[in-house]
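One is the number of the first residue; the rest follow in order along the sequence.
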Amino acid sequence: MFSTLTLSIITLSYLGLLFMLAVYVEKRARVRGGFTNSPWVYALSLAVFFTSWTFYGSVGFAINNGLQFFAIYVGAIAGLILGAKALKRMILAKQNLRLTSVADLISTRYRRSQRIAALVTLACLIGLMPYIVLQLRAIGSAVDLLTPSSETFGWSLDGVLITLMMALITIIFGVRRLDPTERHEGIIAVLVAECLVKLFALLTLGAYVTYGVFDGFSDILRQLDEAGLQQVYSFGNEGAGYTWVALILLGAAAILLLPRQFHVTVVENSNPEHLSTAVGLFPFYTLLINLFVIPLAGAGLLLGLPANQGDQFVLLIPQLLNSPTLTLIAYIGGFAAATGMIIVTTLTLATMASNHLVIPIWRRLRPSTNLASSLLEIRWTLVVLILMLSYLFATSLDAAYILVALGLISFAAILQLVPAGLVGLFWRGGNSLGAALGLLVGYGLWAFTLVVPAMVREGWLGASLMTEGLFGHYWLRPEALFGYEGLPSLAHSVFWSLGFNLLFYVVGSLAYRPQKMERSLRMELFDTMEKGESTVFRHARPTGLESYILREPKMVEVEQLLKRYLTGDKADLMLQSVCEDLQLGTKSTLTIIELMELHRMIEQRLAGSIGAASAHSAIEEAIDYSEREAADLRSLFSHLASELNASVIESDSDGEGIDMLARLQESNEEQTQKLKSLHRRLEQLEETVDRQYKEIFDYRITAQRLQVEREDLIKKLDRRDKPSE
């Protein structure tokens, strides 16, 4: 046991070391270059996936479910390997379109819809709040267990200080700049350090217990057999197959679409080629960090610890062995596993909330307000608010509510992003209506089938709902939806919510024809994802059409827009950079394409600060075109579509024209293919003619040689006959 003061000093000292590491790495990056440019650093940062759910919860889960705890990591490994192509497409989209979060990616895919971005953001906030609570409860429970003066997790000065310290680290190294697409060297350094700390802690404790207290894996398994505890290393109880499938799906979705994983895997990526290193290292790290889960679960039971305290076996076992050093190592390892997740998740949620909730609402309520001086403060406030609300929620939970349940609720929430966010990266037919319907239905069923039962168990809702159903309808029971009772609760929720989500996404997409803007943005996104790292969307495309638009009023208009969200210096610097990229020089007038490019690039640069959907809405609201400018843009649409390599050129006013142009495009593609085929046949004919010409040439040479030999022979015969005469 440790005194409260001792444990507080150790904890704050550890956080101080992380702070100093982040400061050092940030300074080093400014002098010597990026710390995150190393593929190994990038690969290790992905280990933020392993939180207190892994460090503590896996052991508790294994006590009753055996090897089933590993199913979610099987899904994570499979998701990373099989989803590497999807991740590369996300990274390329981020590089070219300056995406800041998973909500930004999904909204960009569906016409930069602010409503879809807000829906994804709300879902992530609601779905991931329990996951942050999980980490805070893990820290609080560990402190309660190791300090004699604490009995239950609740409000305490230490807890508030630790929470505020994590908020401070998040703000200083994650939210001190407005553009979250910039590298966060300090944050990544902290994540890599904590990934090594938690791995070292689990391996040290596991090796000591397995080989120091017991005589290896075989000895623990033998004693478990003798004690009748075979469930610890079994594949699960009845119906475990359904749960295995559900957990694998959750793990695969989490490694690809969890906001914190999206941030470290996509936003912080400096080179798409680093993915190959991550794909190779992640499975190895996964096996190492889970190597001693079964031995620790079995050892705790064999040493007489109660099974209902399985989530705390990692701390209880070294205490039982009277080893303060091992206990402290285990505590620091668990603290590292929790804090890494808290910092990155809070950073991403604060960015999403400010870009897709606060800014749109603020702009609607107070459209003339200048946000330049307030945007960073808004994000700082959101960081503190998210963490303190999570801490408040954590203190109100029943202590018996295990860590695993909270983790699975959050993972199941992220699973609902798969149809719109993952299928939509490959299926061009998906559209905004299908995405919105799928997300709404999926999250509704997730909440009803998984969150409501958890609230009932906490005593927040009446138990009659579970037995009688919603509004007394027996077929609307949360864990037996439509009267189907053959599935475990987790698998039941996963299959119903994901199934209906995917169904409504497909049906809604097939039933709705998206507008021209959505089709154009979709083609732009797919073009940049499929063609690799292209500069076409990151640099200007100046053109030499008629220059008639006065430059100064347009610059004033853009400058006023930028200064609503950025400081004066930042706005001037951004506008100057765009003008240089457009090669405007000292021009007093602009072409319509230069004007369009000016607005496009301003939107792209601004997206890095307030999100793609908010930037698009800001441009639409603040920028006006004259009648001539609008007419010129419409007439140049076909030209622009051609530059974007669009497959179909469409008009939004004439349905027959749309069909005609589509048929013309298809006919053009067919004729192009025929022309290529004719070219190939022509090449083959030319080769045949060349071959025959060579044969004819060789024949003529041979014939001439034979003719000469014949004439020589005749002359020789003539000379031989003359002397005889």
Side-chain angles (χ1 to χ4, degrees), residues 53 57 60-66 68-69 71-72 75 123 126-131 133-134 231 234-251 253-254 307-308 310-311 393 396-419 438-504:
W53 195 92
F61 194 56
I63 289 174
N64 295 315
N65 301 281
Q68 202 173 92
F69 84 93
I72 204 157
I126 296 171
L128 291 179
M129 192 71 78
Y131 210 0
V133 170
L134 185 156
Q231 79 275 4
S234 69
F235 282 91
N237 302 320
E238 184 179 355
Y242 295 112
T243 305
W244 270 86
V245 174
L247 289 172
I248 289 172
L249 288 174
L250 294 182
N308 61 358
D311 289 337
F393 188 30
S396 66
L397 281 176
D398 185 349
Y401 197 68
I402 61 174
L403 297 179
V404 173
L406 289 174
L408 293 179
I409 287 174
S410 294
F411 275 31
I414 297 305
L415 183 66
Q416 306 310 315
L417 299 179
V418 167
L439 288 169
L440 286 171
V441 172
Y443 276 110
L445 288 174
W446 163 78
F448 183 67
T449 58
L450 205 57
V451 177
V452 167
M455 296 174 72
V456 170
R457 293 188 184 96
E458 282 293 321
W460 297 347
L461 294 176
S464 61
L465 181 63
M466 302 294 292
T467 56
E468 299 175 8
L470 184 65
F471 305 126
H473 297 292
Y474 191 69
W475 56 279
L476 289 179
R477 289 171 293 161
E479 293 186 334
L481 197 61
F482 306 122
Y484 193 79
E485 302 179 355
L487 292 175
S489 59
L490 176 66
H492 172 269
S493 176
V494 165
F495 295 152
W496 281 120
S497 61
L498 181 61
F500 273 90
N501 187 336
L502 186 59
L503 175 65
F504 275 79

Gap separating the [atom1] atom of [X] from the [atom2] atom of [Y], nearest 0.5 angstrom:
X: Ser410; Y: Leu415; atom1: OG; atom2: CG; answer: 12.5 Å
X: Leu490; Y: Ile409; atom1: CG; atom2: CD1; answer: 10.0 Å
X: Asn308; Y: Asn64; atom1: CG; atom2: CG; answer: 10.0 Å
X: Leu440; Y: Leu445; atom1: CG; atom2: CG; answer: 11.0 Å
X: Leu465; Y: Phe448; atom1: CG; atom2: CZ; answer: 5.5 Å

Testing the basics here: between [X] and [Y], what is the closest heavy-atom pair and its distance to 0.1 Å?
X: Gly60; Y: Asp311; value: CA-OD1, 3.6 Å
X: Ala412; Y: Leu450; value: CB-CD2, 3.5 Å
X: Ile414; Y: Ala253; value: CG2-O, 4.1 Å
X: Pro488; Y: Thr243; value: CG-OG1, 3.4 Å

Has Phe504 got more than 12 heavy atoms of other residues, nucleotides or ligands less than 6.0 Å from its CZ? no

Would you say Thr449's side chain and Pro478's backbone share a donor-acceptor pair under 3.5 angstrom?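 No: the side chain of Thr449 does not pair with the backbone of Pro478.
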
Show your working on side chain to side chain contact (heavy atoms under 4.5 Å, CB included) between Ile72 and Ile248 and close with a plain yes or no. CA-CA 5 Å; Ile72 204 157; Ile248 289 172; over 6 Å; no

Apply side chain to side chain contact (heavy atoms under 4.5 Å, CB included) to residues Leu408 and Trp53 and explain how you reach the verdict. CA-CA 9 Å; Leu408 293 179; Trp53 195 92; 3.8 Å; yes

Which residues share a ring-ring contact (aromatic ring centres under 6.0 Å, His included) with Tyr131, sequence neighbours left out: Phe411

Please walk me through it: do Phe495 and Leu249 pass side chain to side chain contact (heavy atoms under 4.5 Å, CB included)? CA-CA 10 Å; Phe495 295 152; Leu249 288 174; 4.1 Å; yes

Side chain to side chain contact (heavy atoms under 4.5 Å, CB included) against [X], all qualifying residues, sequence neighbours excluded:
X: Val456; result: Val452, Leu461, Ala463, Met466
X: Asn65; result: Phe61, Gln68, Asn237
X: Tyr443; result: Ala123, Ala413, Gln416, Leu417, Leu439, Trp446

Less than 4.5 Å apart, side chain to side chain, heavy atoms only: is that true for Leu498 and Pro419? yes

Find out whether Val494 and Leu247 are in side-chain contact, i.e. whether some heavy atom of one side chain is under 4.5 Å from a heavy atom of the other.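 Counting from C-beta outward, Val494 and Leu247 never come under 4.5 Å.
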
Side chain to side chain contact (heavy atoms under 4.5 Å, CB included) for Leu502 and Val418? Distances and angles first, verdict last. CA-CA 8 Å; Leu502 186 59; Val418 167; over 6 Å; no

Within residues 478-490 or reaching into it, pairs that qualify as salt bridge (charged side-chain N to carboxylate O under 4.0 Å, His left out) - sequence neighbours excluded: Arg457-Glu479, Arg477-Glu485

